[in-house]
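See structure below.
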Amino acid sequence: MTDDALFSAIRALVNQHDPEELLDIAPQDEYDPEVREFTNLVRGREKITSEVVARAWLRYFGASDWPAERREELVEVAIKLEAIRRDLQSHS
């Protein structure tokens, strides 16, 4: 998977959940800094858990309610990111 394709897939995943509920008024690239961090996590060796995703998210949105109030979505994002990470590792 190319870097652009990976970034696009992760952006689509994050935008689908719209964790801060900003995309009604913000551009589609609103979460790109977080997407870049998630892309780096996917390219890394650390297992991606909901705690890892929450920690990364809160670096950008320290007052975010997403990790606590929409926990199921956070877990779903973590599971999908980890699946992408494992898939990339199996093809390298």
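The pair R11-D32 meets the salt-bridge criterion, since a charged nitrogen lies less than 4.0 angstrom from a carboxylate oxygen. With salt bridges taken as basic N to acidic carboxylate O contacts below 4.0 Å, one links R59 and E37. With salt bridges taken as basic N to acidic carboxylate O contacts below 4.0 Å, one links E51 and R71.
Annotation: side chain of P19 is not in contact with side chain of E73 (no heavy-atom distance under 4.5 Å). No side-chain heavy atom of E72 sits less than 4.5 Å from a side-chain heavy atom of E76. With contacts defined as side-chain heavy-atom distances shorter than 4.5 Å, the pair L88/L6 qualifies.
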Full working for side-chain contact (heavy atoms from CB on, under 4.5 Å) between L23 and N15: CA-CA 8 Å; L23 293 180; N15 285 357; 3.6 Å; yes
Steps toward side-chain contact (heavy atoms from CB on, under 4.5 Å) verdict (W66, F61): CA-CA 9 Å; W66 184 49; F61 290 99; over 6 Å; no
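Atom OH of Y31 sits about 14.0 Å away from atom OH of Y60, to the nearest 0.5 Å. Atom CZ of residue R45 and atom CZ of residue R85 lie 8.5 Å apart, to the nearest 0.5 angstrom.
The two residues V52 and E46 make their nearest non-hydrogen contact at CG2-OE2, 3.3 Å. Minimum heavy-atom separation, D87 to S90: O-OG, 2.8 Å. Here the closest non-hydrogen pair linking L81 and V53 is CD1-CG2, 4.0 Å.
Between the side chains of T49 and E82, not a single donor N or O lies within less than 3.5 Å of an accepting N or O.
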